[in-house]
Amino acid sequence: MAIITYRQALKDALAEEIERDENVFIMGEEVAQYNGAYKVTEGLWKRFGDKRVVDAPISEAGFIGLGIGASFLGLRPVIEMMFFSFVYVAWDQAVNNASTVRYMSGGKVNCPIVIRGPANGGTNVGATHSHTPENMIANFPGLKVVCPATPADVKGLMKSSIRDNDPVFFMESTLLYGNEGEVPEDEDYLIPLGKADIKREGSDITLIAHGGCVLTALKAAEKLKKDNNVDCEVVDLRSIRPLDKATILKSVKKTNRVLLIEENKPFCGIGAQISHMIQREAFDYLDAPVHRISSVDSPAIYSPPIEKIQVPDARLVMREVRNILQIKA
Amino acid sequence: MAIITYRQALKDALAEEIERDENVFIMGEEVAQYNGAYKVTEGLWKRFGDKRVVDAPISEAGFIGLGIGASFLGLRPVIEMMFFSFVYVAWDQAVNNASTVRYMSGGKVNCPIVIRGPANGGTNVGATHSHTPENMIANFPGLKVVCPATPADVKGLMKSSIRDNDPVFFMESTLLYGNEGEVPEDEDYLIPLGKADIKREGSDITLIAHGGCVLTALKAAEKLKKDNNVDCEVVDLRSIRPLDKATILKSVKKTNRVLLIEENKPFCGIGAQISHMIQREAFDYLDAPVHRISSVDSPAIYSPPIEKIQVPDARLVMREVRNILQIKA
Amino acid sequence: MSTETPETHDFNKGRSRTLEKADIFDYAKDPVNKAMTVEEKLKCFTDMVRIRKFEQAALQSYQKGKMGGFLHLYIGQEATAIGTTSVLGDNDHIITAYRDHGHALAVGMEMNECMAELFGKYTGCSKGKGGSMHYFDPEKGFWGGHGIVAGQTPLGAGLAFALKYKGIKGCAICYLGDGAINQGVFHESLNLASLWDIPVIYVIENNGYSMGTSQQRSSAFPEAGLAARANSYKINFDTVHGENLYEVRAKTNIAVQRAYEECRPSVLEIFTYRYYGHSIADANHQRYRTKEEIRHYQENKDPINVWEQILIEEGHLNVDKVKEIDKAAKEEAKAAIKFADESPFPPPQEMLSDVYHSVDNPGTHTNEGEIFFNDQLPF
Amino acid sequence: MSTETPETHDFNKGRSRTLEKADIFDYAKDPVNKAMTVEEKLKCFTDMVRIRKFEQAALQSYQKGKMGGFLHLYIGQEATAIGTTSVLGDNDHIITAYRDHGHALAVGMEMNECMAELFGKYTGCSKGKGGSMHYFDPEKGFWGGHGIVAGQTPLGAGLAFALKYKGIKGCAICYLGDGAINQGVFHESLNLASLWDIPVIYVIENNGYSMGTSQQRSSAFPEAGLAARANSYKINFDTVHGENLYEVRAKTNIAVQRAYEECRPSVLEIFTYRYYGHSIADANHQRYRTKEEIRHYQENKDPINVWEQILIEEGHLNVDKVKEIDKAAKEEAKAAIKFADESPFPPPQEMLSDVYHSVDNPGTHTNEGEIFFNDQLPF
Ligand SMILES: Cc1ncc(C[n+]2csc(CCOP(=O)(O)OP(=O)(O)O)c2C)c(N)n1
Ligand SMILES: Cc1ncc(C[n+]2csc(CCOP(=O)(O)OP(=O)(O)O)c2C)c(N)n1
Ligand SMILES: [Mg+2]
Ligand SMILES: [Mg+2]
């Protein structure tokens, strides 16, 4: 195992799958000659050439639609959104076409496409650029949604996503790209979609998160252990749809208390769905209502110090855990 | 009070507001000369002319964006979506521009636009045409979402929506257009956004719904009374954002049992949010977990008899109420 | 007859800019038409008749309450689907909008599966899941049936892109309506197609109206012709009299050869007409167009009549033979109704299949966990 | 000097199709320029210098860590913002993309509020909520500042639509980049603008690149010029040498008069150049363009230098005066930094204001119930 960045792990996954399957190609704005706005595809154009790494004009609806059509004939496009916020200009193509075509054809048409890119706030790029649409996308039966938090996960999940025969929305975070971690070098290192990972075991409370919030939860958990001797279990969902209900419920039944942490806006965010599911299926195990932390319910603010607290941070997680456990700070 | 259809009540609201405020105009595909695909605007073009009732080409992103821009200067466009599913081709304009502009301008720009049209399944028009995006739209801070179920409500809420200075998504149902009911004729008949209506009082269980599902809930409630002597309270949300939390919680605290009914797809649907809210704020009042009925979690199927049961029906509501109350059928 | 230039009382003055006189004998001499066997010519005739009889039968069944939702009839436009697809080869593909029955039958889909789909039956081409607007038969190169106006336009580019990527000499035809050209995604698709040399052919079936809206009311500069929007992207374009099968074939074939040989896109605007309303719900279609206009097209520009006349003049067809073909098509449609009527609806559990490949093919994916989120099911 | 036709070593051969020789003296003689007072001429110069100094100061502050997010510099393009807005009247409006500092200062926004916005301060033009990409000042007719490429294009049509609706003689200028023209929504906007006679002027600021992509790699048929896409919609268009303020003004004025008198849209493509990378993050902008190319523009086509030369030749400016103006602008920028630095950040509760008009103006709406759904707040 090598210690590499999230960005490098992602790039390795892409490169390995391009190498492995001639139907895999990457398409997006500035992914080739420019090496990617966030350098995820750095060096791939040089290595694989124009056919496999394709620079597209600024017309997301056009090239996502094109990718979907190409996938019908067996190609496996990996489409980069420079920011996931930009998928909104292609929303009909991405969610309506990709999610319905298999169904409406009675199973005759498949759509093995991956749409990937960063979906996070906290980088002071303003409201138009900071959307986190994983909840909306996962609302569509027919789509899959993956949100990896660590270098190892991003690699194993990207490889599974590319090999998947359904449309997968693969949501990264610009704030994670530089993080380092151990990553298996096995070329068939595949993590199943829909398998959560317990990133920290604990018995007092279950913290459930995905993407960047997993790290926030872990940070808070360490601090809570130190400060209050509280043992948090941290469940990293990794995949939103499919969702590892079994792992979630098992942990909740063990700890009897839950705090959901997400960067989604609250109304109908991921946390709402999981909260409903937990109270529905583990009602009698709950010692307290399911608590939840999300981004503050307003458009993303630019002002850097204010945006910092608009998205969930460890301090707030700690405050809420203490609140649930009725510990005085 | 006159007995008129939902369609007529909507049309009256539009006509009265056009008459009242010279900044109000209607724009959409086939709204003028064709009288509207669902005849909501029938006669308005003849009465008010080209300026106030505008036929638009098929370019939803273009004319929704145009409406948003026009609203900056004080016009009050009412944009018809022939189907609400078509808002997806204009998603970036509708949700990103409309929801962020006031915030990003520090409050300097307002966007008093209404985007209205039917958002329902159950009419055998297939997966591409049957989306119910109220959950996704309400996810955006900055937007308001209204879903009226009755002729009186559609009138009072439309009038309030047009007079509102924020962007309002007004979601109707083709299945309700023909329904009749008493409607006040007062030209200032305004129903506040965010005020739920208890459409039926009861003490055994609270049924919460919006749009067409309110009628499903009422039908089930009558039958349950007759068959099982169960008294259901039916809360019609009417408005999704703002949301009448007080009325919801009050009813739940009275009945101690809840069934949420919605046509949304389940994952992160409206019901998820309300379920979370109820268990969070009325945990100790719940005698059973919050139950929920949504559309079956697949794209809308065409086949008419199958689609009938894909969306919530009274039979299923009754089954679930009996299940919650542990009544044998 | 079809040889006249569009008259000024044509529904849409915007489109009546002078076209060269369509000389059927010239197009008949086009190599792609000269190469046609008598059998092929008769097949085109038969298939056009079959589309018409199929839809007439479907309409009747609709009126009897046998189906729901929309029904967009193609009647009047038959030469477009038949003419364009008749010059295609095995490596070519097509994709269209919701007015898709004609294209489906043109590529060889059976009346039975098509009718059963309208009835929402399990034996339908999409198992009753897609309905009228969403027919599919990838094995015959038919990729739908798409309900969102212009939503299919980048998909069509994608099909052609895939052919090029795989080194297959082929093309994709993507059909769209005259109203669809105002959707932005079509322009994005044109730009990509030209920029990347994608062998896609956009066929604008200009039937004069998008629902109740004529081109003058929806498209700026209609007098230039809608296909002329291709100009901005340096894409070759042409206009076609849609009632003349020879002309449709000849001009489509030029585009197909361009796709094969130069890997370049084309845009064709085919002037045609729909006799019925926009859909079954459009009962008042005589509000936006006159009876005379409809009659004018039916009498002078009916694609089946025009082709019938040609084949009679060429000596390949006579009145008896026409009657025979008519009758056979009618009976085929009638049998399709019977088939559809007697077929079962999909079982309710079918609601949850064909959503995910991974669910329908367990063991082929690395997937775990819950993928559906039903609190309870109605069956 | 600016009079030469673009050389073949220009960054983008696609755009170097023959333009008529730009004769500054001709444009100087244009009525709109002849009518300029010396004061107005100097104001244009001063304002271009102010934009440049403001951005240079902003860049330095960025490098010192005073702000976050993006910073898209306008330096090199100043004559576009100043030239186009200088012919506008009180009833005219503008809207632009994320590269918006130049336009903001051009309409008279203060350096202080603009700099404070970059610093994320409460005294910023958007209270620190919008940031660099999202400046607004409706009172000065400036409607943003929009982050989504081409997302502002229908909004611009909407502003102009509202003027016409209200019977106000005015127009709206909507600026966009050369990369933005490939977004479908721009085409939808052009169609609507022409179809409905909307007095909107689209100004394509063609600085040669969209991030690292030249027009040849993103736009089919670049040799026709990007403005030529207006052709499809029968919209008048023109191309403009962006380094020559007289030319920018003269050609903008023609479009403005067309909007006033005929209520017709226009498209202008202004050839210009950005000296810095796409944004502060684009450190490697010399990967996609050469140092020579940048130097060529700076030496031959710098809008401030060109205008300076003209005013010196006209006798309105001299070296000392230039220095004075430079110095004043620098000091103004420095003061703005001080202002921004000393201003407070918005209080955390500000997060929840300016989301809804109804929340900020209680009593003015018929609204009840919960509108925010925070389980808890961080402050
Ligand atoms: C995005 C979108 N907007 C609106 C509609 C509703 N609609 C369906 S067909 C149609 C008219 C299309 O006309 P045209 O493209 O000319 O095709 P035709 O029906 O004449 O074959 C409209 C407005 C839709 N399906 N999708
Ligand atoms: C829909 C969308 N796609 C992509 C981006 C990312 N992006 C921001 S600016 C830009 C380049 C735009 O170039 P151009 O239109 O030429 O304007 P310029 O930056 O040169 O002023 C890109 C790709 C975006 N903001 N929005
Ligand atoms: Mg049409
Ligand atoms: Mg540019």
Side-chain angles (χ1 to χ4, degrees), chain A residues 29-30 32-35 37-38 55-62 82-83 85-86 88-90 122-130 260 265-269 271-272 275 290-313 315-316 319-320 323, chain D residues 67-70 98 117-122 124 126-134 145-151 177 179-185 210-213 217-220 278 281-282 284 287-288 345-348 350-356 371-379:
Chain A
E29 289 155 19
E30 310 293 352
Q33 298 189 27
Y34 195 82
N35 277 321
Y38 286 98
D55 271 334
I58 309 172
S59 33
E60 288 84 357
M82 196 182 284
F83 281 73
S85 292
F86 305 157
Y88 290 171
V89 301
T123 60
N124 324 129
V125 288
T128 57
H129 278 55
S130 303
L260 309 174
K265 299 295 173 201
F267 199 93
C268 293
S275 173
V290 178
H291 282 233
R292 186 179 168 208
I293 293 174
S294 67
S295 285
V296 172
D297 200 9
S298 58
I301 198 168
Y302 161 66
S303 187
I306 311 301
E307 197 194 9
K308 227 189 177 67
I309 60 170
Q310 192 183 28
V311 296
D313 67 358
R315 195 186 51 89
L316 192 62
R319 194 183 82 186
E320 199 63 8
N323 178 11
Chain D
M67 57 192 84
F70 292 136
Y98 43 85
E117 188 63 30
L118 298 180
F119 280 55
K121 297 299 179 77
Y122 202 31
S126 299
K127 302 188 191 160
K129 292 180 176 178
S132 161
M133 303 197 284
H134 309 118
H146 292 269
I148 298 300
V149 169
I181 66 151
N182 295 311
Q183 287 288 47
V185 74
S210 55
M211 291 191 67
T213 304
R217 297 207 299 120
S218 60
S219 299
H278 166 70
D282 181 23
N284 290 330
R287 278 180 74 110
Y288 57 81
F345 287 108
E350 265 297 323
M351 248 188 260
L352 289 167
S353 71
D354 302 324
V355 183
Y356 290 99
I371 190 100
F372 294 120
F373 295 87
N374 299 295
D375 277 27
Q376 75 298 102
L377 288 169
F379 49 82

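Each chain gets a letter, A, B and so on, in the order its sequence line appears, and its residues count up from 1.
For D282(D), the parts lying under 4.5 angstrom from a heavy atom of chain A are both the backbone and the side chain. Of the two parts of Y88(A), neither the backbone nor the side chain holds a non-hydrogen atom closer than 4.5 Å to a non-hydrogen atom of chain D. In this structure, the portions of E60(A) lying under 4.5 Å from any heavy atom of chain D include both its backbone and its side chain. Proximity to chain D is limited to the backbone of A300(A), based on heavy atoms less than 4.5 angstrom apart. Contacts of F372(D) with chain A are made by both backbone and side-chain atoms, with heavy-atom separations under 4.5 Å.
Side-chain contact annotation: S126(D) with H134(D), donor-acceptor N/O pair under 3.5 Å absent. If you check the side chains of E307(A) and N124(A), you find a donor sitting under 3.5 Å from an acceptor.
Of the residues considered (G269(A), A37(A), P305(A), G126(A)), P305(A) shows the highest number of contacts with chain D, using heavy-atom pairs under 4.5 Å. Between chain D and the residues V296(A), D55(A), L316(A), I293(A), the largest count of heavy-atom pairs under 4.5 Å involves V296(A). Looking only at heavy-atom pairs under 4.5 Å with chain D, the residue among N323(A), T123(A), I58(A), N35(A) that has the most is I58(A). Of the listed residues (R287(D), H146(D), R217(D)), the one with the most heavy-atom contacts under 4.5 Å to chain A is R217(D). In terms of heavy-atom pairs under 4.5 Å with chain A, the best-connected choice from L352(D), V185(D), I181(D), D354(D) is L352(D). Top candidate by heavy-atom pairs under 4.5 Å with chain A, chosen from S353(D), G147(D), P348(D), G124(D), is G147(D). Across P378(D), G69(D), G120(D), the residue that shares the most heavy-atom pairs under 4.5 angstrom with chain A is P378(D).
Contact check for M67(D) versus F119(D): side-chain heavy atoms found under the 4.5 Å cut-off. Side-chain atoms of M211(D) and E29(A), non-hydrogen and from C-beta on, never get closer than 4.5 Å to each other. At least one side-chain heavy atom of I306(A) sits less than 4.5 Å from a side-chain heavy atom of M351(D). Annotation: side chain of T128(A) is not in contact with side chain of S85(A) (no heavy-atom distance under 4.5 Å).
In this structure, F267(A) and F373(D) have perpendicular ring planes: the angle between them is above 60°, well past the 30° mark.
Partner D297(A) forms a side chain to side chain contact (heavy atoms under 4.5 Å, CB included) with one of I371(D), N374(D), L377(D), D375(D) and no other, that one being N374(D).
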